[in-house]
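Both counts, for ligands and for their atoms, begin at 1 and track the order of listing. No hydrogens, no waters, no symmetry mates; every other heavy atom, side chains included, goes into these values.
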Amino acid sequence: MSFAARMNRIAPSATLKVSAAADRLRRQGVDVVDLGAGEPDFPTPAHVKAAAHEALDQNFTKYTPANGVAELRQAICQRYHTDYGVTFAPEEVMVTAGGKQALYNTALVLFDHGDEVITHAPYWPSIPEQVKLAGATPVIVQTSPEDAFAIHADAILAAVTPRTKAIILNSPSNPAGALISEEALATIADEAARRGLWVIADLTYERLIYDPVPHNLPRILRDRMPDRTVICSAASKAYAMTGWRCGWSLGPAAFTAQCNALQGHATSNVNSITQKAAIAALTGPQDGVTMMRDEYRRRRDAVWEWITADPRITCVKPRGAFYLFPYVADVLEATGLTSTSAFAEALLDEAHVAVTPGEGFDAPGFFRLSYATSMERLQEGADRIHAFIARRSGQARPAAAGR
Ligand SMILES: Cc1ncc(COP(=O)(O)O)c(C=O)c1O
């Protein structure tokens, strides 16, 4: 069969591959500890579900404007005003099927063949894949665990060429949980403004930051380059709403009009019931967000201790999102495995623990472990990982870390 050439440019999602393999085992009755999932284990808050029930009862089940109902766009503006002190107008908001569609619209609206788009690795794989689908070329700037995967302005700016169209920054980042500093963003924004580049901030995990560090990225971008800033985010992670599919982009009105035209032909409006639920999420009580974040922090601290109990495994403590990204290159050789892909495959087959190998994030030697699951399952997963490494390398497993 012959398919369009663009399909040769992209690779299937590594995360979805792991989920499918874990699911196959589960259906055979195997007790799989799934640390592969990129989604909250919490249920959607009750008041959000109630708003969806009400929408159904009121027959709010018809098409809406492709860019979303005015009340939701207003609620998104209000949220950013409350959280960041930044003013957006409803015509600058596009409601999308998750953060993913916000980013994809942005890629198709802004990037052409021949354009280069800079982003940082380890990355969420859809970012460079979407750039490629738009016909442009991703230019990857590596970050390093030695300085906690910090995004350095000079490294990003050193990658700029006459072909550069945009810079995509993801903070907190998936998979490393790194944050860009306000200073680094300000430097990037000033230079981007000078050179006429776009800056796209993927803030999908913006509500999941564990320490009270300054992270007002919308303010910095809005102040320095309002005409070429796009912010993409979603209700998915903050409100445990991954399946509802609600995200948004915030950008100049002319850009948003282009997104509206594109989405109007591709998928039209986000599910009408979801939109009502998202209004409740954004305008209702926010204590659920804090409760979930505090629980993720507790899990992060615990699982980080457990995983790094083996001194051969090193791991930066993530500052946001809900993933650990341990470096296991030093145990690979001992376990007779040659890559983290092989490691993840064997771990799933032999110890029934699903993790995502680093290769998919452009970070061989690492794997991603999601701690958006219960403390008991995390403990079981960490135990199994250590037992697997010990069994494979013929050593006793490290003493459990203080528990
Ligand atoms: C960095 C990042 N951006 C965007 C998304 C998109 O999220 P969604 O489309 O589920 O809202 C994800 C999802 O995992 C992500 O990790």
> Closest heavy-atom contact between C246 and V95?
Replying inline: SG-CG1, 4.2 Å
> In terms of atom number and element, which parts of ligand 1 are under 4.0 angstrom from non-hydrogen atoms of A234?
Replying inline: 11 (O)
> Looking only at non-hydrogen atoms, which of N174, D202, N170 approaches atom 2 (C) of ligand 1 most closely?
Replying inline: D202
> Which residue owns the protein heavy atom closest to atom 11 (O) of ligand 1, what's the atom, and how far is it?
Replying inline: S236 OG, 2.6 Å
> Hey, does G99 come in under 3.5 Å of ligand 1, counting only N/O atoms on both sides?
Replying inline: yes
>> Suppose we measure from atom 5 (C) of ligand 1 to each protein heavy atom; which comes out shortest, and what is that distance?
In response: W124 CH2, 3.3 Å
>> If the test is ring-ring contact (aromatic ring centres under 6.0 Å, His included), which one of F325, F149, W124 qualifies with F361?
In response: F325
> By number and element, which atoms of ligand 1 are closer than 4.0 Å to a non-hydrogen atom of K237?
Replying inline: 13 (C), 14 (O)
> How far is atom 10 (O) of ligand 1 from its nearest protein heavy atom, and which residue and atom name does that atom have?
Replying inline: R245 NH1, 2.9 Å
>> Any salt bridge linking R392 with E350? Criterion: basic side-chain nitrogen under 4.0 Å from a carboxylate oxygen.
In response: yes
> Which ligand 1 atoms are under 4.0 Å away from a heavy-atom of Y205?
Replying inline: 1 (C), 2 (C), 14 (O), 15 (C), 16 (O)
>> Using 0.5 Å steps for rounding, measure from the CD1 atom of I231 to the CD1 atom of I200.
In response: 11.5 Å
> Under 4.0 Å between a Lys/Arg side-chain N and an Asp/Glu carboxylate O for D31 and R384?
Replying inline: yes
> Does R368 count as lying over the ring of Y323, i.e. NZ or CZ under 6.0 Å from the six-ring centre, within 45 degrees of the axis?
Replying inline: yes
